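Residue numbering restarts at 1 for every chain, and letters A, B, ... go by the order of the sequence lines. On a predicted model such as this, the values are computed, not experimentally measured, just so you know.
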Amino acid sequence: MMSPTATSFSRRRLLGGAAGLAAAAFLTGCGGPAAARDAGPPRRGGVLRVGVTGGGASDTLDPHSPATNPDIARTLSLYEPLLHWDDAYTLQPAVAEAVRPEPGARAWTATIRAGITFHDGRPVTPDDVVATFARITDPDDPKSGASQFGILDRVVVAGDRQVRFELTEPSPVFDQYLAEYSCGIVPADFDVSRPVGTGAFRFESFTAGQQSAFVRHDGYWRPGQPHLDRLELINFAEDDARINALLSGQVDAIDQVPLSLTEVVGSYESVRLLTSETGSWLPFTMRVDVAPFDDVRVRQALRLIAGRDEMLNQVLSGLGARAVDLYARYDPQYLAPQREQDLERARDLLSAAGRPNLALELVTSPIQAGTVEAAQVFATQARAAGVEIGLRRVDTSTFFSDQYLQWEFAQSFWNTRNYLPQASSSSMPDSPFNETHWEDAEYQAVVRRARSELDPAVRARLVRQAQQIEFDRGGYLIWGFPDRVDAHQAYVGGLVPNRTGLSLSGYEFRKAWVNA
Amino acid sequence: MNLLTKLILRRLAVSVLVLLVVSLLIFAATLLLPGDPARAILGQQATPERVAALTEQLGLDRPAWERYLSWLGGVLTGDLGYSAATQGPVAELLGGRVTASALLLVLTAVISTPVALALGTWAAVRRATRTDSALSGASLVLAALPEFVIGVLLVVLFATSVVRILPSVTIARPGEPVWARPEQLVLPVLTLALVVVPYVIRMTRATLSESLDAGFVEMARLKGLPERTVLFRHAVPHTIGPVAQVIALQLAWLAGGVVVVEFLFRYPGIGQALIDAVANRDVQVVQAITLIIAAFYVLVNLAADVAGILADPRIRHSGGMSA
């Protein structure tokens with residue numbers, strides 16, 4: 001008699017949501033405005049209401065510890081780092097008009113942009129920059145970006161508009177760390193309850209788990225931006241609710257359309273899809289310090305089992321690019337390697353390794369769209385090679401519990417990064433997120449040399465060499481670079497494809513306008 | 001003390017005992033949640049030092065029995081604890097949400113109960129006719145559909161595709177109560193009502209049909225009373241007990257079922273907060289919400305039992321006589 005209360009959302013939600021939206025596609029001709037209003041040329045004014053995935057009671061306005069998508073969207077709206085990654089993933093000036101290495105790259109000097117001001121009207125000073133990095137690296141309360149500033153010794157005032165970063169070792173790519181969105185510059189007297197930054201929008205209101213409202217920063221340094229009067233970021237824990245909000249006109253843009261639903265959502269005349277190629281990557285992680293993954297033949301066998309094109313089509317609905325066990329696809333030194341599925345050779349390698357009937361447990365969790373589905377497809381492919389993979393599905397909190405970084409065979413998710421910063425984050429023994437526990441002496445030596453090598457040509461060769469080693473022996477099985485697909489009303493303009501892996505034009509709503 | 005009072009007091013005592021047992025189960029269940037709350041809150045950026053500091057701050061290093069008694073004592077004095085995720089009192093986080101969910105439940109009950117009773121009565125009176133078949137068939141279909149599917153279909157019909165006259169989700173400005181935009185309440189309430197109505201229809205129809213076949217109704221008819229009088233003065237009162245029970249069960253189910261509907265419609269109630277709290281391993285919020293839902297369940301069943309007792313003339317009369 002009693003209807004059962006749902007104990008799990010995934011299957012029901014998928015069936016219900018897909019069925020509902022399929023019905024929507026069938027009925028789409030019956031409704032909707034006769035002609036969708038287009039965005040037209042840039043225009044000043046208006047409100048943009050953005051539906052953002054995730055978030056909850058633990059949402060924060062802290063510019064240096066953004067943990068969820070809404071946090072990141074807020075951070076990118078309110079604050080800016082010294083440098084910034086543009087839509088093509090190249091470094092551009094931001095709060096600093098220039099950041100240059102001193103000879104030997106053991107120190108870098110940043111020159112603050114002339115005339116740039118915080119939301120409260122005060123100019124950005126060297127003291128603010130010094131205080132910002134002190135806040136990020138505070139040993140009593142280290143922020144998200146602290147781990148990548150291990151080599152930062154001191155930040156000192158070096159002139160009216162100059163700040164000097166003194167390092168413990170040479171770092172030719174130190175500027176890349178300064179461009180992370182979690183390094184926004186804040187005033188020396190910054191208080192998170194009164195958030196002040198240099199971003200295109202300034203703070204108006206914030207309710208954790210619900211929404212934030214920001215208004216135009218009239219003193220913003222980029223001429224003509226932001227176009228909007230007001231930005232509202234609205235949290236959506238649930239995919240269907242977010243899509244429904246867009247289709248019913250309650251929001252103007254949404255991030256992360258599930259890839260399997262892009263065709264349905266895109267069929268609405270009033271909606272525009274925004275598809276971005278990204279350098280985000282979805283690895284399976286194999287711990288190389290435990291059996292059977294401690295045998296390189298087993299690792300290579302599993303890499304040979306992966307049918308990457310099939311995974312792209314089934315998991316991402318074709319929206320992505322194949323990856324072949326290397327990350328950093330936008331690094332100028334990216335190897336663009338080749339490796340085809342070869343079940344025969346995989347079986348031979350496993351036999352040679354003494355494991356002809358390998359059985360594994362793969363820990364999977366919906367940490368990102370597509371991870372669970374990828375695990376399912378891979379397990380099916382493995383069966384064809386005589387490898388039995390049992391899936392152990394856990395929720396995201398369990399995944400990131402104290403077992404995170406200890407799982408023997410699991411998955412992960414990373415946004416776009418160039419090779420050396422990424423290797424420093426995930427492939428070196430001192431990396432904060434060495435998921436595969438890889439400790440290859442030759443690799444370490446090459447990366448350490450590359451990290452401090454000043455000659456661009458030599459460094460380039462070292463980066464390629466490091467990639468080759470990782471390709472031959474590493475613990476990452478990387479099958480794809482997923483596209484990011486977002487959607488917005490036809491009357492919203494200015495949102496463009498962005499390679500960083502962040503949604504909706506890199507969550508840079510300063511570019512957006514509404515024709516409403 | 002008469003029988004009536006004695007029966008009610010016994011039910012009340014059982015209710016309190018049930019709530020106490022439930023509180024123990026809730027506390028034990030939150031202890032069994034996999035994963036460390038401190039790590040869940042810190043996410044990928046957890047370091048051993050920060051985890052240790054947060055663990056101490058949250059009091060998670062104290063023995064379980066001490067934490068249970070501390071929590072129970074707090075609940076009895078109106079202190080629901082401290083939310084690790086918001087870094088503030090649980091009561092502060094839940095205050096507006098309890099009100100919002102209560103509004104959803106009240107509106108659903110107010111709309112669905114009379115509709116269901118009316119339709120059930122109509123089906124009983126029109127028994128074995130085409131009307132009865134249609135009503136029974138429709139309620140069977142609706143009963144078989146999960147609330148999520150009903151919700152999605154309503155969104156397709158009224159918000160996104162066929163016609164666009166209703167909002168598909170709840171979006172409130174900060175500080176704005178959910179009733180400030182009543183149009184945003186329509187779809188969630190309608191979804192819940194459509195889930196609940198079929199059961200009450202079917203129970204009302206079955207119980208009333210049984211009454212209409214009973215001897216005392218036949219006697220009323222033989223006395224030449226008008227059919228309306230037979231129906232409303234003799235047959236309907238007989239159904240109060242069982243129908244009150246099923247209404248209570250449905251309302252109690254709503255307290256749990258509201259989780260799914262709040263999720264789909266982004267309704268800022270306790271259902272959404274519960275999902276969020278579980279994901280954050282915010283155990284004190286989980287405990288508070290679960291206890292509130294359990295208390296509601298127990299209270300509604302208590303009310304149904306009392307209604308059943310009061311509606312039973314045998315108990316009422318014998319109680320009077322023994323006084």
Quick test of your reading of the model: are R242(A) and D240(A) salt-bridged, counting only N-O distances below 4.0 Å?
no
Set out, in order, the CA-CA distance, both residues' side-chain angles and the distance that settles salt bridge (Lys or Arg N to Asp or Glu O under 4.0 Å) for R135(A) and D138(A), then state yes or no.
CA-CA 5 Å; R135(A) 185 175 196 273; D138(A) 179 4; over 6 Å; no
Measuring heavy-atom distances to chain A, does A144(B) have an atom under 4.5 Å in its side chain, in its backbone, in both, or in neither?
neither
Under a 4.5 Å heavy-atom cut-off, does chain B meet the side chain of D141(A), its backbone, both or neither?
side chain
Please state whether the rings of Y404(A) and F399(A) are parallel, tilted or perpendicular, taking 30° and 60° as the class boundaries.
tilted
What residue, out of V394(A), L405(A), I234(A), T396(A), has the most heavy-atom pairs lying under 4.5 Å from chain B?
I234(A)
Using a cut-off of under 4.5 Å on heavy-atom pairs, state which of P268(B), S168(B), A273(B) scores highest against chain A.
S168(B)
Could you look at V169(B) and say if it's the side chain, the backbone, both or neither that has a heavy atom under 4.5 Å from chain A?
both
Heavy-atom pairs under 4.5 Å with chain B are the metric here; pick the option from A241(A), S205(A), G56(A), A57(A) that has the most.
A57(A)
Taking every non-hydrogen atom, the tightest pair across A277(B) and V285(B):
CB-CG1, 3.6 Å
Heavy-atom proximity to chain B below 4.5 Å, by part of E232(A):
side chain
Should the pair Y177(A) and F149(A) be assigned to parallel (<30°), tilted (30 to 60°) or perpendicular (>60°) ring geometry?
perpendicular
Sort and list the pairs that fulfil side chain to side chain donor-acceptor pair (under 3.5 Å) and have at least one residue in residues 175-185 of chain B, not counting sequence neighbours.
E176(B)-R181(B)
